[in-house]
Amino acid sequence: MAEGASEGLVLLDFWVSPFGQRCRIALAEKGVEYEYREENLRDKSPLLLKSNPVHKKIPVLIDHGKPVCESLNIVQYIDEKWPDRAPLLPADPYARAEARFWADLVEKKVCIPPPPPRMYESGTKLWKLKGEAQEEATKEFIEMLKLLEGELGDKKYFGGEMFGLVDIALIPFTAWFYSYEACAKLSTEKEVPKLVAWGKRCRERESVSKSLPDPLKVYEFVCFLKKVYGIE
Amino acid sequence: MDPPSSLKLLGSWADSHTHRVQLALKLKGLGFEYQEEDVINPSPALLLHNPVYKKVPVLLHNDRPVVESVVILQYIDETWADNPIMPADPFDRALARFWCHFAEDKLAPAVGAVFSSSGEGQKAAVDQVHDNLKLLERELRDGEFKGKRFFGGDKIGLLDIVLGCGSYWLAVFEEVMEVKLVDPGTFPAFHAWLKDFEEQNEVKETIPAIDKLLEYARGIRQMMLSLSNGTSTTAPATAGTTSAINVTVDGSSG
């Protein structure tokens, strides 16, 4: 097996990463073949460090030796590289702007330091914190989900009939709902039923069901992390 | 070309994100109506059109709002195809988006931290800015942007607009905070790019005069110092100051 990645498409990833899953979903939607490489995040490969020297993070999509970094960038790259099938963004510029806004909102709530509250991070707070701090984090998390549910409304997907960028940005986090609910007093079914229904619809797509981990496996991972962090 | 009344920009004169949109519209030769917003007291229009973030800039096109400056820039580029600001090739587009995110997520907060901190904290913030500039410098000198006049090639593109509108704060903070941020010896490529960018006519027409920016920055710094010295304990003033700084220098505005 070649050490480098100068041939074809290689995705440097980590099995439980929602960011990596976004890329897998997009590639599957487009029906594009690629090589999946699992990274050990405690011992990152030279290829990863070379391909993403700025952040040293997965996912990285390497296309014939050229790296594309950051999951939403990768998804848009995939969309633009294979424009002839399964569009992930609508054609109309205003609808595209709306899609980018909501994908960016999901992203802000994941990557950028507070404020506003982060989905991935605020979700992480649900199992890392206890007592009042956890209650506060739970409230924030629900508020954020409700904001997203408001945007979804009664549509099939965030983009309407078309499964696209915003759906891809958000769906991987639904695999973490079971863990959040187990660690904090929370019922997503009760709080955001439309969003939960949307999650089920997305998982009926093969691209999603093949890319998302079993929520129980995610929970095992969270329990492992809790031990590592010495929580409860 | 659309008549001016179809485009309206809600912005703030000292906000770099507003300048990005103004510059893009200018580069596209698009006329627009401008409405100055008081960022501490958002107008009903701003609250209506940007209910999620309640911040400038907001671009109204035929009364439909587009928010978040990088989203707005791409919208402008896709709606009016002449004088493109995004590269054509998907890889170059991904690269531009990556570095735009870097500018918002890493560089801008570091620059903001230089302004809002002092002592050891400020030294750490200055080091952070230097670390970030080193990464950009490397890309300009040896990386994907090697040999290019601007990040967009021969002409200003998306990344030039995003990085450039905000980089003038480097010179302002150097003066107000008496720190060295962009030493031409250490960052020759970045320094040269910035000077070239700032010389472009459309840029000169967009960015406020440096003495106005200096006065503005000094005013805010004074307020911050008097608050931290305990000479004023008004909570709203603190919030206003913080949001004013957020609007002008870091990535948390649109």
Student: Are the side chains of B:Tyr53 and A:Lys108 in touch, meaning some heavy atoms are under 4.5 Å apart?
Tutor: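 Side chain of B:Tyr53 against side chain of A:Lys108, heavy atoms only: contact under 4.5 Å found.
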Student: So does A:Lys210 have more than 12 non-hydrogen atoms from other groups sitting under 6.0 Å from NZ?
Tutor: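 It does not: A:Lys210 NZ has 12 such atoms or fewer within range.
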Student: Return yes when atom CD of A:Glu38 has more than 12 non-hydrogen atoms of other residues, nucleotides or ligands closer than 6.0 Å, and no otherwise.
Tutor: yes
Student: When rounded to the nearest 0.5 angstrom, what distance separates CD1 in B:Ile72 from CZ in A:Phe101?
Tutor: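 These two atoms lie 10.5 Å from each other.
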Student: How many angstroms lie between atom CZ of B:Phe91 and atom NZ of A:Lys81, to the nearest 0.5 angstrom?
Tutor: 10.0 Å
Student: Heavy-atom distance under 4.5 Å to chain A: side chain of B:Arg64, backbone, both or neither?
Tutor: both
Student: Quick one: pull up CG in A:Asn73 and CH2 in B:Trp99 and give me the separation to the nearest 0.5 Å.
Tutor: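 Interatomic distance, A:Asn73 CG to B:Trp99 CH2, rounded to 0.5 Å: 12.0 Å.
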Student: Enter the distance from A:Tyr77:OH to B:Leu95:CG here, rounded to the nearest 0.5 Å.
Tutor: 11.0 Å
Student: Treating A:Tyr94 as the side-chain partner and B:Pro65 as the backbone partner, does any N or O pair qualify as donor plus acceptor under 3.5 Å?
Tutor: yes
Student: Does the pair A:Glu107/B:Arg97 count as a salt bridge with the N-to-O cut at 4.0 Å?
Tutor: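 No, A:Glu107 and B:Arg97 are not salt-bridged.
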Student: If you measure from CZ on A:Arg100 to CD on B:Glu68, what distance do you get to the nearest 0.5 Å?
Tutor: 13.0 Å
Student: To the nearest 0.5 angstrom, please state how far the CG atom of A:Leu89 sits from the CD atom of B:Gln74.
Tutor: 9.5 Å
Student: Does CG in A:Asp84 sit with more than 12 non-hydrogen atoms of other residues, nucleotides or ligands closer than 6.0 Å?
Tutor: yes
Student: Taking NZ in A:Lys57 as the centre, count heavy atoms belonging to other residues, nucleotides or ligands within less than 6.0 Å. Is the count above 12?
Tutor: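 Counting other residues, nucleotides and ligands, NZ of A:Lys57 stays at 12 neighbours or fewer.
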Student: Just wondering, more than 12 heavy atoms not from B:Asp142 lying within 6.0 Å of its CG?
Tutor: yes
Student: Tell me, do B:Lys106 and A:His55 make a side-chain contact under 4.5 Å, heavy atoms counted?
Tutor: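 A side-chain contact under 4.5 Å exists here.
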Student: Closest approach of B:Thr79 and A:Pro93, non-hydrogen atoms and distance?
Tutor: OG1-CB, 3.5 Å
Student: Who are the side chain to side chain contact (heavy atoms under 4.5 Å, CB included) partners of B:Ala189, not counting sequence neighbours?
Tutor: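 Applying side chain to side chain contact (heavy atoms under 4.5 Å, CB included) to B:Ala189 gives B:Glu137, B:Leu140, B:Arg141.
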Student: With a 4.5 angstrom heavy-atom cut-off, could you sort out which part of A:Arg96 is near chain B: side chain, backbone, both or neither?
Tutor: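 The answer is the side chain of A:Arg96.
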Student: Take atom NZ in A:Lys56; do more than 12 heavy atoms of anything else shown fall under 6.0 Å from it?
Tutor: yes
